[in-house]
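Have a look at the structure below, then the notes.
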Amino acid sequence: MPPSPTPDPRAPAPAPPVPEPALAIGLSAVIVAVTGDDPKVLTLRHEDGRDSLPSGPLERGHRTLEMGLRSWVERQTLQELGYVEQLYTFGDRDRGEDGTRALSLAYLALVREARPAGDTDAAWQSWYRYFPWEDWRGGRPAVLDTLEHGLRSWAAGAAQGRLSERRAERIALCFGGSSGSTEAGWNEERVLERYELLYEAGLVGEALRERGSDRVAAAPSGREMREDHRRMLALAIARLRGKIKYRPVVFELMPPAFSLGQLQQAVEALSGARLHKQNFRRLVEQQRLVEETGESTAETGGRPARLVRFRREVLLERPAPGVRLPGGFGRR
């Protein structure tokens with residue numbers, strides 16, 4: 001075996017290894033409830049006028065990620081969580097400060113609304129307060145006129161013609177074409193894509209704030225949230241709108257007994273669309289998602305409505321039991 005080469009004393013010393021940035025893990029919860037015809041999200045209020053989701057860092061005492069999340073939610077809102085699922089992990093390099101690499105894990109939680117007690121700064125807010133263009137139950141939202149005008153200006157202002165065309169294609173894909181388009185061009189599940197497009201075009205307060213603009217207060221696109229929490233909420237809405245079609249998650253938001261009218265109201269609230277009453281009831285009954293309780297309620301103000309409950313046996317009978325919405329927007 002040849003001898004090892006003798007190091008040259010004149011050679012420069014090797015550079016010290018660059019230390020890896022510290023890793024911080026944050027946990028955020030999108031907690032959803034439905035009250036009547038209002039889909040709500042539990043938020044924390046801050047002195048700067050912006051809201052945030054309940055969140056906090058993963059701590060040594062947290063045995064699992066989900067237990068850490070539940071601990072922060074109970075600490076900040078006094079709300080105990082039931083159904084929880086992980087949404088997404090956000091890990092962009094610029095998320096941390098002071099050289100720290102930050103990961104943020106977003107979760108979706110479904111609860112029956114309970115008013116936070118004590119002196120917490122938590123409050124239930126309609127999620128359409130943050131996404132007013134997503135609610136089509138009263139027809140095409142008026143705010144879309146302003147937003148689409150801004151998007152068209154953004155597309156036309158591209159330096160290259162091909163880039164302008166690509167922007168216009170994305171606008172048509174997310175918003176269903178021009179302002180004169182029909183409701184059928186709107187896909188209710190593209191919530192995150194619409195928000196990210198508005199962010200890129202500088203039409204939401206978070207983007208204007210990041211760019212140092214003094215026009216943040218004039219942004220027409222809903223209430224601003226801290227950090228990227230509105231992005232997390234957009235993802236949660238999109239996930240839930242898609243999931244109610246093939247999983248019975250909507251029943252996690254319903255009381256033990258409810259009327260078919262209340263169920264339809266909840267589905268309409270979540271999807272942002274009106275549904276044909278008879279078609280909806282026929283669909284629910286054909287899929288055997290509910291069963292009679294033998295009781296009725298007069299809370300509707302008209303003739304007593306029969307009460308039903310979720311029929312859990314359906315989970316064993318077929319792989320994808322959900323409230324399959326008809327294509328496009330329904331009509332009463």
Side-chain angles (χ1 to χ4, degrees), residues 29-42 81-88 106-113 124-128 130-131 133-138 183-184 186-195 232-291 308-332:
V30 181
I31 306 170
V32 175
V34 175
T35 302
D37 63 352
D38 198 5
K40 293 190 174 183
V41 59
L42 190 56
L81 299 183
Y83 176 94
V84 173
E85 69 171 80
Q86 189 175 127
L87 275 174
Y88 192 73
Y107 287 80
L108 170 64
L110 305 181
V111 300
R112 298 185 182 111
E113 182 175 348
W124 290 100
Q125 305 284 359
S126 171
W127 74 25
Y128 293 124
Y130 307 98
F131 299 95
W133 61 89
E134 292 292 340
D135 188 4
W136 285 70
R137 290 173 296 173
E183 294 176 349
W186 181 271
N187 184 332
E188 71 277 4
E189 293 184 38
R190 295 190 182 275
V191 188
L192 179 61
E193 294 161 270
R194 283 189 282 271
Y195 173 73
M232 295 180 184
L233 177 55
L235 177 58
I237 297 172
R239 172 76 62 83
L240 194 49
R241 284 182 169 183
K243 201 160 189 174
I244 60 176
K245 301 173 185 177
Y246 64 90
R247 296 298 299 168
V249 292
V250 66
F251 297 103
E252 299 288 344
L253 300 165
M254 303 300 296
F258 49 88
S259 68
L260 290 177
Q262 289 171 327
L263 178 62
Q264 178 175 342
Q265 194 175 53
V267 174
E268 289 178 337
L270 296 172
S271 64
R274 291 294 184 200
L275 304 173
H276 189 281
K277 179 178 178 179
Q278 296 304 323
N279 288 348
F280 177 82
R281 296 192 174 200
R282 188 180 304 113
L283 180 145
V284 171
E285 291 171 352
Q286 286 175 348
Q287 296 187 64
R288 302 182 65 204
L289 294 173
V290 299
E291 60 187 4
V308 297
R309 57 176 167 253
F310 174 51
R311 198 175 70 85
R312 295 198 171 273
E313 291 80 2
V314 75
L315 296 171
L316 303 175
E317 294 171 354
R318 57 181 186 274
V323 183
R324 292 176 175 81
L325 305 181
F329 286 81
R331 299 289 188 184
R332 284 196 181 276

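Quick note: numbers below take in every heavy atom, side chains included, and nothing from hydrogens, waters or symmetry partners. Just so it is clear, the structure is predicted and the values come from calculations on it, not from any experiment.
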> Say you draw a straight line from CZ of Arg281 to CG of Asn279; how long is it, rounded to the nearest 0.5 Å?
Replying inline: 12.0 Å

>> Once side-chain contact (heavy atoms from CB on, under 4.5 Å) is applied, do any residues pair with Gln286, and if so which ones, sequence neighbours excluded?
In response: Arg282

>> Please determine whether side-chain contact (heavy atoms from CB on, under 4.5 Å) holds for the pair Tyr195 and Glu134, giving the CA-CA distance in whole Å, both sets of side-chain angles, and the decisive distance to 0.1 Å.
In response: CA-CA 10 Å; Tyr195 173 73; Glu134 292 292 340; over 6 Å; no

>> If you compare all heavy atoms of Arg241 against all heavy atoms of Leu270, which two are closest, and at what distance to 0.1 Å?
In response: NE-O, 2.8 Å

> What's the shortest heavy-atom distance between Ala269 and Pro39, and which atoms?
Replying inline: O-CG, 3.4 Å

> Looking only at heavy atoms, what is the nearest atom pair of Arg239 and Leu108, with distance?
Replying inline: CG-CD2, 4.4 Å

>> Would you call the rings of Phe251 and Phe310 parallel, tilted or perpendicular, taking 30° and 60° as the class edges?
In response: parallel

>> Restricting to non-hydrogen atoms, name the atom on Ser271 and the atom on Glu188 that form the minimum distance, rounded to 0.1 Å.
In response: O-CB, 3.8 Å

> What pair of heavy atoms forms the shortest contact from Leu275 to Gln264, and how long is it?
Replying inline: O-NE2, 2.9 Å

> Under 3.5 Å, is there a donor-acceptor pair between the side chain of Glu268 and the main chain of Asp37?
Replying inline: no

> For the residue pair Leu253 and Val111, what are the closest heavy atoms and their distance?
Replying inline: CD2-O, 3.4 Å

>> Trp124 and side chain to side chain contact (heavy atoms under 4.5 Å, CB included): which single residue from Val41, Asp38, Leu42 fits?
In response: Leu42

> Are any side-chain N or O atoms of Arg309 and backbone N or O atoms of Phe258, one a donor and one an acceptor, separated by less than 3.5 Å?
Replying inline: no

> Got a donor-acceptor contact below 3.5 angstrom from the Arg274 side chain to the Arg137 backbone?
Replying inline: yes

>> Under the rule for side-chain contact (heavy atoms from CB on, under 4.5 Å), what residues qualify as partners of Tyr83, not counting sequence neighbours?
In response: Glu85, Leu110, Lys243, Val249, Glu252

> With Ile237, which of Leu235, Leu233, Leu240 fulfils side chain to side chain contact (heavy atoms under 4.5 Å, CB included)?
Replying inline: Leu233

> Step by step, would you call Leu87 with Tyr107 a side-chain contact (heavy atoms from CB on, under 4.5 Å)?
Replying inline: CA-CA 5 Å; Leu87 275 174; Tyr107 287 80; 5.9 Å; no

>> To the nearest 0.5 Å, what is the distance between CZ on Phe280 and CG on Leu260?
In response: 7.5 Å

